[in-house]
Amino acid sequence: MATFCPEPSHTFNEYLLIPGYSSGECVPARVSLVTPLVRFKKGEEPAVSLNIPLVSAIMQSVSGDKLAIALAREGGLSFIYGSQSIESEAAMVARVKSYKAGFVRSDSNLRPDNTLADVLSLKEATGHSTVAVTDDGTPDGTLLGIVTSRDYRVSRMEPTLPVSAFMTPLEKLITAPEGTTLREANDIIWDHKLNSLPIVNAAGKLCYFVFRKDYDEHKKNPLELLDEQKRYVVGAGINTRDYETRVPALIEAGADVLCIDSSEGFSEWQQRTLSFIRKTYGDRVKVGAGNVVDAEGFRFLADCGADFVKVGIGGGSICITRETKGIGRGQATALIEVCRARDEYYKETGVYVPVCSDGGIVHDHHITLALAMGADFVMLGRYFARFDESPSEKVNVNGTLMKEYWGEGSNRARNWQRYDLGGNAKLSFEEGVDSYVPYAGKLSDNVQQSLAKVRSTMCNCGALTIPELQKKAKLTLVSSVSIVEGGAHDVVLKTANKPL
């Protein structure tokens with residue numbers, strides 16, 4: 001006879017936090033959201049930690065290189081989507097790693113015989129106003145000069161005017177030789193009041209630019225998630241089919257952590273993938289696995305060597321796995337059981353395996369609930385899909401700006417590897433939908449507002465860190481009537497409240 005769970009599974013919306021004692025020191029500005037990303041032994045520090053407990057979902061409509069850069073700037077991490085060619089995914093990872101090394105490879109380059117019209121067109125395409133002028137128009141050609149917006153006036157110059165006529169030539173530029181450290185480069189920038197400093201080698205070839213704005217941005221974003229070389233930290237999704245070729249390419253491109261992207265992780269396929277990575281790279285390559293919804297699934301993946309375990313099946317806004325296949329579990333119940341198993345595993349082995357809550361987040365306060373229930377961090381798809389930096393198109397739907405958002409189990413994504421169980425290379429049926437989400441603007445504005453709510457709620461619970469929240473939190477189930485009571489009621493609203 002089948003095994004029956006005696007209690008119904010619950011969602012985040014069925015729980016509330018009960019306030020605890022808040023001391024005078026418990027103010028949002030003092031709250032730390034630092035949290036481990038990968039497994040570590042008792043008494044040791046994790047190899048990779050997050051400065052905020054947010055990672056982006058491994059989805060075509062969410063995690064491209066632009067969003068990865070924006071989220072790392074805030075202190076979180078993106079997992080570049082794996083449902084693309086190995087070459088294109090590796091290229092996205094490489095772009096993130098090269099963006100914030102301090103030394104930036106030029107992406108705006110022209111020849112001296114190009115025109116002002118070419119400068120304007122390039123500026124519109126890249127959004128960058130600093131253009132390197134090289135002998136062959138490539139980012140590593142011989143540097144002849146640069147063009148910035150201060151070098152031309154569109155209203156007084158012909159579009160056909162050659163770049164050579166108005167560029168700042170090399171002899172008037174301050175440059176630095178290859179091998180200059182980032183600290184030295186920034187000192188030169190400040191001493192000479194520059195906006196950018198070209199780095200050139202002994203042969204006069206352009207190597208990189210160092211920009212004043214990068215220094216300024218770091219001061220404005222103290223939580224930036226950087227590696228030892230001051231580059232942004234980035235993750236990448238893999239599958240259980242082509243891992244023997246995809247993993248080496250992603251590691252070569254600079255991926256800091258990998259994650260198996262699968263709708264169900266309690267399988268031999270994930271065991272094989274993890275085994276390959278451990279035999280090939282040992283513990284130096286970090287890789288998460290999942291998804292699971294119970295203690296047995298967690299222990300299986302932890303024993304297989306997963307660096308973190310994702311929890312959640314069927315709870316995503318675009319996921320219809322529960323409808324089509326009848327499998328899954330309420331996200332809150334699944335998370336509570338897995339986190340309890342995580343703690344037991346830690347007591348038995350001395351190894352802490354972080355838990356990622358993936359799916360079921362509808363409102364900002366659900367993030368805090370997930371953390372209180374034991375999650376070390378949460379993975380969000382719809383939340384990030386709404387922002388400027390996501391890869392999807394912005395469209396006008398009946399007068400409202402929206403962004404396209406589709407599931408990895410939809411025919412549009414054609415990500416059969418994620419749902420494959422050793423069968424044919426195709427999707428037999430859909431487990432995700434194609435949809436729209438309301439456009440919400442810049443990632444930074446929204447993330448800062450969401451985390452302001454998280455920090456405030458943590459203070460209401462008397463907690464200044466995530467581990468302290470998990471220790472002190474008191475949670476209560478609520479009835480359907482009290483859910484209604486918790487929102488605005490018995491009034492006529494002037495503006496409609498919208499979920500995130």
Side-chain angles (χ1 to χ4, degrees), residues 5-22 26 28 31 33 35 52-55 57 290-295 297-298 309-317 319 321-322 328-344 354-383 449-489 497-500:
C5 296
E7 297 293 331
S9 63
H10 298 285
T11 67
F12 291 133
N13 225 34
E14 297 175 78
Y15 283 91
L16 287 175
L17 282 159
I18 297 175
Y21 171 72
S22 300
C26 207
V31 171
L33 295 177
T35 190
I52 62 172
L54 306 182
V55 301
N291 286 22
V292 298
V293 291
D294 64 4
F298 168 84
V309 174
K310 287 202 300 165
V311 177
I313 294 177
S317 61
C319 184
T321 293
R322 297 181 192 176
R329 199 175 195 186
Q331 186 68 10
T333 299
L335 184 60
I336 291 168
E337 180 175 324
V338 169
C339 290
R340 186 179 294 120
R342 185 265 322 278
D343 294 342
E344 292 172 355
V355 167
C356 169
S357 180
D358 178 17
I361 302 289
V362 180
H363 303 281
D364 286 332
H365 74 270
H366 290 170
I367 298 172
T368 320
L369 284 170
L371 298 175
M373 291 173 182
D376 296 280
F377 54 97
V378 300
M379 178 172 278
L380 303 168
R382 180 184 60 87
Y383 178 85
Q449 183 181 66
S450 296
L451 294 182
K453 296 176 185 177
V454 172
R455 292 186 179 97
S456 179
T457 304
M458 287 174 63
C459 288
N460 293 145
C461 296
L464 290 175
T465 66
I466 292 172
E468 192 176 8
L469 173 66
Q470 293 165 348
K471 181 179 179 181
K472 292 184 175 181
K474 293 184 290 185
L475 292 146
T476 181
L477 275 168
V478 295
S479 69
S480 58
V481 177
S482 62
I483 292 173
V484 174
E485 179 189 60
H489 59 88
N497 291 323
K498 297 179 181 180
L500 62 83

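FYI, side chains are in, hydrogens and waters are out, and symmetry mates aren't considered; it's all heavy atoms of this structure.
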How long is the straight-line distance from [atom2] of [Y] back to [atom1] of [X], given to the nearest 0.5 Å?
X    : Y    : atom1 : atom2 : answer
L477 : Y15  : CG    : OH    : 4.0 Å
I313 : C319 : CD1   : SG    : 9.0 Å
N460 : C26  : CG    : SG    : 8.5 Å
R455 : L33  : CZ    : CG    : 4.5 Å
H365 : N13  : NE2   : CG    : 5.5 Å

> Under the side-chain hydrogen bond (donor to acceptor under 3.5 Å, both in side chains) test, which residues partner K453, sequence neighbours left out?
Replying inline: D364
With a 4.5 Å cut-off on side-chain heavy atoms, are [Y] and [X] touching?
X    : Y    : answer
T368 : L469 : yes
P8   : H10  : yes
V31  : C459 : yes

>> Is there a side chain to side chain contact (heavy atoms under 4.5 Å, CB included) between L54 and I367? Walk through the geometry before answering.
In response: CA-CA 9 Å; L54 306 182; I367 298 172; 4.2 Å; yes
Atom pairs and distances, donor-acceptor, side-chain atoms in residues 372-380, under 3.5 Å, two or more places apart:
unit_1 : atom_1 : unit_2 : atom_2 : d
D376   : OD1    : Y352   : OH     : 2.6
D376   : OD2    : R342   : NH1    : 2.8
D376   : OD2    : Y352   : OH     : 3.3
D376   : OD2    : V355   : N      : 2.7

Looking at every non-hydrogen atom in both residues, tell me the closest pair between [X] and [Y] and how far apart they are.
X    : Y    : answer
D358 : Q331 : N-NE2, 3.5 Å
C461 : I18  : SG-O, 4.4 Å
V362 : R382 : O-NH2, 3.2 Å
F298 : V292 : N-CG2, 3.9 Å
R329 : V293 : NH1-O, 3.0 Å
V338 : A295 : CG2-N, 4.5 Å

>> With side chain to side chain contact (heavy atoms under 4.5 Å, CB included) as the criterion, how do L335 and F12 come out once you've worked through the C-alpha distance, each side chain's angles and the decisive distance to 0.1 Å?
In response: CA-CA 10 Å; L335 184 60; F12 291 133; 4.0 Å; yes
> Is the H366 ring parallel, tilted or perpendicular to the H363 ring (thresholds 30°, 60°)?
Replying inline: perpendicular
> Please walk me through it: do T457 and L17 pass side chain to side chain contact (heavy atoms under 4.5 Å, CB included)?
Replying inline: CA-CA 9 Å; T457 304; L17 282 159; 3.8 Å; yes
>> As a quick check of understanding, evaluate side chain to side chain contact (heavy atoms under 4.5 Å, CB included) for L475 and L369, giving each step before the final call.
In response: CA-CA 8 Å; L475 292 146; L369 284 170; 3.5 Å; yes
>> Check whether K472 reaches the backbone of A463 with its side chain - one donor and one acceptor, N or O, closer than 3.5 Å.
In response: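 No, K472 side chain to A463 backbone: no donor-acceptor pair under 3.5 Å.
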